[in-house]
Amino acid sequence: MKQMTEGATRPFLEIRMESIGGLGANLAGKILSESGVLRQGWNGWYAASYGSEKKGTPVKAFVRFAPPDVAIRGTYPVDEPDVVAVFHEALLRNLSTLSGLRPGGTLLVNTKRSPADIREQVRRGDVKIACVDALGISVREGTRINTAMLGALCHVVPQLDPEAVREGIAETFSARYQHLLEANLRTFEAGRMEVVEEQGSGGPVLSQPDAPTHGSVLGYATQYIGGAILSPGNSVVKDLSVSRQGFIPALDLDSCIHCAACDQVCPDACFVWETRDNGKGRMFQYLVGIDYQYCKGCQKCVVACPTHALSTIPETEEYVQRHRVPHRFWTQKEVIVR
Ligand code: SF4
Ligand code: SF4
């Protein structure tokens, strides 16, 4: 049996899973904590925070382990984790996802990208970074990504015993979802085998990039006289991309007849239009793209499109960056002129 102290500098192992509702982080945390306590003989504590439990909303799962002779008295969230497991790559855009990650710790991300690429984004030279295409594995096996993430965790965290966690998965799925057992065991193994890791240089935390927010141009110092709100109730600064569960609509403009059926069913006004001359002297609305900042990935537009110009594809950060067509909002000056 693996020991808590193996490779550790303190008598605790703390893991935080950063996820969104529907990806199975809650169940993964339960399986992991039960495996540590029941099969590795550790003391353990587990909790999750998932607000209204809605699919697509941010979820955190916390696991805290200690050796049998060390009591766990803290039942507070894991604020300074040894390991952060990110179930959805888009969560990395929020800098708080990595908050408190200890120097020398481990960051595991569900992504097709390389550890070097992720390191470039998160600007942490002092942690090990591991990447696994958990979504690709789960699509292949018809499962959720949580067991792939557990497999990857067992590979990159030396204290975790893969056999103990595999038994935990087997027990959970035998009891509740027998028909998914074999596929989840394969998903677990694939996560273990396919994870790619890169040690940190031991260097310091690099300077953090600016938070990727659109920000608000109006604050307490720049508010209009009388506190007038010129754009009440809008959701311009919202970023709904973390609500997606690995799939996005892709638009093939060559097949588009600009009928707007997609726009009518989209709950978040993601479609971007442009008014142009239709070549016969009349102005016409043309679809030019999708603003993925507001897309929740519900795929209603794909179902509604009569020409199959929209299709569902697995989401990658690269695709979103390359194909996002941002909405153009009025500047303050334009608003005032109007
Ligand atoms: S529903 Fe399809 S064809 Fe119609 S505007 Fe949208 S993408 Fe184009
Ligand atoms: S997937 Fe849903 S939220 Fe995204 S563009 Fe289509 S209808 Fe809108």
Side-chain angles (χ1 to χ4, degrees), residues 18-24 50-59 86-94 110-112 133-136 138-139 142 144-145 212-214 231 233-330:
E18 298 272 355
S19 184
I20 59 168
L23 295 182
Y50 41 78
S52 62
E53 296 187 45
K54 260 192 330 197
K55 269 189 177 181
T57 51
V59 167
V86 180
F87 281 50
H88 195 307
E89 192 180 346
L91 291 166
L92 290 177
R93 290 192 213 126
N94 184 348
N110 166 26
T111 179
K112 286 181 190 298
D133 181 13
L135 177 64
S138 68
V139 169
R144 288 198 292 177
I145 69 163
T213 170
H214 295 260
S231 50
N234 75 60
S235 52
V236 168
V237 298
K238 293 284 182 211
D239 185 347
L240 301 181
S241 54
V242 292
S243 296
R244 297 193 290 262
Q245 295 187 30
F247 297 94
I248 50 169
L251 173 61
D252 171 18
L253 274 177
D254 290 339
S255 309
C256 177
I257 56 172
H258 309 280
C259 65
C262 49
D263 209 358
Q264 286 177 20
V265 296
C266 178
D268 289 287
C270 301
F271 291 90
V272 182
W273 298 83
E274 198 174 85
T275 308
R276 295 199 300 262
D277 192 307
N278 68 352
K280 297 175 188 163
R282 286 184 59 195
M283 300 308 276
F284 197 81
Q285 291 273 320
Y286 290 93
L287 181 61
V288 291
I290 300 173
D291 191 341
Y292 288 113
Q293 179 186 337
Y294 305 107
C295 174
K296 290 192 288 208
C298 68
Q299 312 302 328
K300 285 182 180 169
C301 54
V302 176
V303 175
C305 179
T307 64
H308 304 294
L310 289 162
S311 58
T312 300
I313 61 167
E315 176 177 357
T316 65
E317 185 68 12
E318 190 194 353
Y319 184 93
V320 170
Q321 294 302 331
R322 194 141 39 92
H323 293 90
R324 177 186 168 215
V325 176
H327 278 296
R328 182 178 171 274
F329 296 104
W330 289 331

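Counting starts at 1 for both ligands and their atoms, in listed order. Everything numeric here is computed off the predicted structure, so don't read it as measured data.
For the pair L251 and L310, the minimum side-chain heavy-atom distance is below 4.5 Å. D277 is not listed as a side-chain neighbour of R282, based on a closest heavy-atom distance of 4.5 Å or more.
For ligand 1, the atoms closer than 4.0 angstrom to any heavy atom of T307 are 3 (S). Taking every non-hydrogen atom of I257 and a distance limit under 4.0 Å, the qualifying atoms of ligand 1 come out as 3 (S), 8 (Fe). Against a heavy-atom cut-off of under 4.0 Å, H258 is close to the following atoms of ligand 1: 5 (S), 8 (Fe). Near A261, meaning under 4.0 Å from one of its heavy atoms, ligand 1 places the atoms 1 (S). Residue-ligand proximity, P306 to ligand 1, at heavy-atom distances under 4.0 Å covers atoms 1 (S).
Between the side chain of H258 and the backbone N or O of Q285 there is no donor-acceptor pair closer than 3.5 Å. Without hydrogens or angle criteria, Y292 side chain to P249 main chain gives a donor-acceptor distance under 3.5 Å.
At a 4.0 Å heavy-atom cut-off, the residues surrounding ligand 2 are P249, C266, P267, C270, F271, C295, K296, G297, C298, Q299, C301, listed by chain and number.
Residue pairs meeting the salt bridge (Lys or Arg N to Asp or Glu O under 4.0 Å) criterion with at least one member in residues 252-264: none, sequence neighbours excluded.
With sequence neighbours excluded, the residues satisfying side chain to side chain contact (heavy atoms under 4.5 Å, CB included) with T316 are K112, E318, Y319.
Considering every non-hydrogen atom in both P326 and D291, the closest pair reads CA-OD2, 3.4 Å.
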Could you go through residues 295-309 and list every donor-acceptor pair under 3.5 Å that involves a side-chain atom there, pairing it with any protein atom two or more places apart or in another chain?
unit_1	atom_1	unit_2	atom_2	d
K296	NZ	D268	OD2	3.1
Q299	OE1	T312	OG1	2.9
Q299	NE2	F247	O	3.4
Q299	NE2	G297	O	3.1
T307	OG1	S255	O	2.9
T307	OG1	A309	N	3.4

